[in-house]
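Protein chains get the first letters and strands the later ones, always in sequence-line order, with residue 1 at the start of each.
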Number of protein chains: 2
Amino acid sequence: MPDLLDRLRERDWRLTAQRRVVTEVLGGEHVHLTADEIHALAARRLPEISRATVYNTLSELVALGEIREVNTDGRAKRYDPNAHQAHQHLICIQCGTIKDVHPEDNPLSALPPSERFGFDISDVEITYRGLCPNCAS
Amino acid sequence: MPDLLDRLRERDWRLTAQRRVVTEVLGGEHVHLTADEIHALAARRLPEISRATVYNTLSELVALGEIREVNTDGRAKRYDPNAHQAHQHLICIQCGTIKDVHPEDNPLSALPPSERFGFDISDVEITYRGLCPNCAS
DNA sequence: CCCTAACTTAGACAAGGTCTAAATTTAAAG
DNA sequence: CTTTAAATTTAGACCTTGTCTAAGTTAGGG
Ligand SMILES: [Mn+2]
Ligand SMILES: [Mn+2]
Ligand SMILES: [Zn+2]
Ligand SMILES: [Zn+2]
């Protein structure tokens, strides 16, 4: 899989300086930043980038399927660059650390037809919560 | 299991008129109202109940373990009176209908030790999404 | 080089929620 | 019953997160 910036160049998407820095500060596994955190990081490289542009860029990347929105706690949404590999999340209830995790079975298989209410189910989102080893000690 | 109001009377919790109406408008399966919806329903019986009291009462009920907070979509939190039976949620991506569902297997069993990062996992939250039969037709 | 469409910006606005200080209610004590 | 202190409620200010708008800037095709 080519890298995110390379993929974006292919698509009909003008790669401006603002979009480049937003894209660059996203990256890696287990990375789940809020829009404000992304704005702060981007502003270190491009001081006058606006909040609106960060929000716009993130929305476009979500629409392009290049990043995913994660709603962890009813507070700020987080943006996940690991969009091309299906995965779930494990969150520390103490410090908030978020890990990408990969369950073995297809999570849908555990829901019997009698519990589907006639829905055509297209997506399953799982959040595991617990104490991380750091906080446990 | 005694009814919610009965249980609350047992505990050291002053059952004021405001707390009573908030508690009364909560109730039933597949019920997942927002704080504002609860406030509107409560105000039909007790017109001068304040938003702050609704939020306070809901927080207390959550702390008492009598209702659960559900974060469905990064918008308003929803409050679930079905707190004593572990269950998960199935949401229509079109109309937003929320159903309580009960997977067969323990959802934790699908996460192998190698994917637990040393966490002591205490809770799993699953959201299934799809099109409800009503919206599909 | 010019025109136009795409992009960016500041700041107003909105939804959802929290907090505070004052008023009211409750219940315990006398 | 009256007094008093603690618990509860209230209005509205305030905060966080996110969206929108109108004006300014940039950039590529002709
Ligand atoms: Mn992730
Ligand atoms: Mn429920
Ligand atoms: Zn931790
Ligand atoms: Zn529907």
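If B:V54 and A:K77 are placed on DNA chain D by their nearest nucleotide, the residue sitting closer to the 5' end is B:V54. For B:T57 and B:R51, each mapped to the nucleotide of DNA chain D holding its nearest heavy atom, the one lying further toward the 5' end belongs to B:T57.
Listed in residue order, the members of residues 12-25 of chain A having a heavy atom less than 4.0 Å from DNA chain C are A:R14, A:T16, A:Q18, A:R19.
Using a 30° and 60° split on the angle between ring planes, A:H87 and A:H32 fall in the tilted class, from 30° to 60°.
Within the 4.0 Å cut-off from OP1 or OP2 of D:dT19, not a single side-chain nitrogen or oxygen of A:Y55 is found. For B:S50 and D:dT9, the shortest distance from a side-chain N or O to OP1 or OP2 is not below 4.0 Å.
For A:A35, counting side-chain heavy atoms from C-beta on, the closest listed nucleotide (D:dT17, D:dT9, D:dG18) is D:dG18.
Residues B:R7 and B:H84 bring a donor and an acceptor atom of their side chains to less than 3.5 Å of each other.
Hydrophobic clustering, with ILVMFWY side chains joined whenever heavy atoms are under 4.5 angstrom apart, keeps A:L90 apart from A:V70. The hydrophobic cluster containing A:I98 does not contain A:I93, counting ILVMFWY residues as joined when their side-chain heavy atoms lie under 4.5 angstrom apart, directly or transitively. Note: the hydrophobic cluster containing B:I67 also contains B:W13 (ILVMFWY, side chain heavy atoms under 4.5 Å, direct or indirect links).
Protein atom CD of A:E48 is 18 Å distant from nucleotide atom P of D:dG24, rounded to whole Å. When the C1' atom of D:dT19 is taken as reference, atom CG of A:D36 falls 14 Å away, rounded to whole Å. Taking atom CZ of residue A:R75 and atom P of nucleotide D:dT17, one finds them 5 Å apart after rounding to whole Å. Distance CZ (A:R78) to C1' (D:dT16): 14 Å, rounded to an integer number of Å.
Read 5' to 3', the first and last nucleotides of DNA chain C with an atom closer than 4.0 Å to a heavy atom of chain A are C:dA6 to C:dA10.
Annotation: side-chain hydrogen bond (donor to acceptor under 3.5 Å, both in side chains) contacts involving residues 122-136 of chain A, sequence neighbours excluded, comprise A:E125-B:R129, A:R129-B:E125.
Taken to the nearest 0.5 Å, the OG1 atom of A:T97 stands 6.0 Å off from the CZ atom of B:F119.
Looking at heavy-atom distances under 4.0 Å, A:A76 makes contact with sugar-phosphate atoms alone, never a base.
With a 4.5 Å cut-off on side-chain heavy atoms, A:L111 and B:Q88 do not count as touching. Using a 4.5 Å cut-off on side-chain heavy atoms (C-beta onward), A:E115 and B:E104 make no contact.
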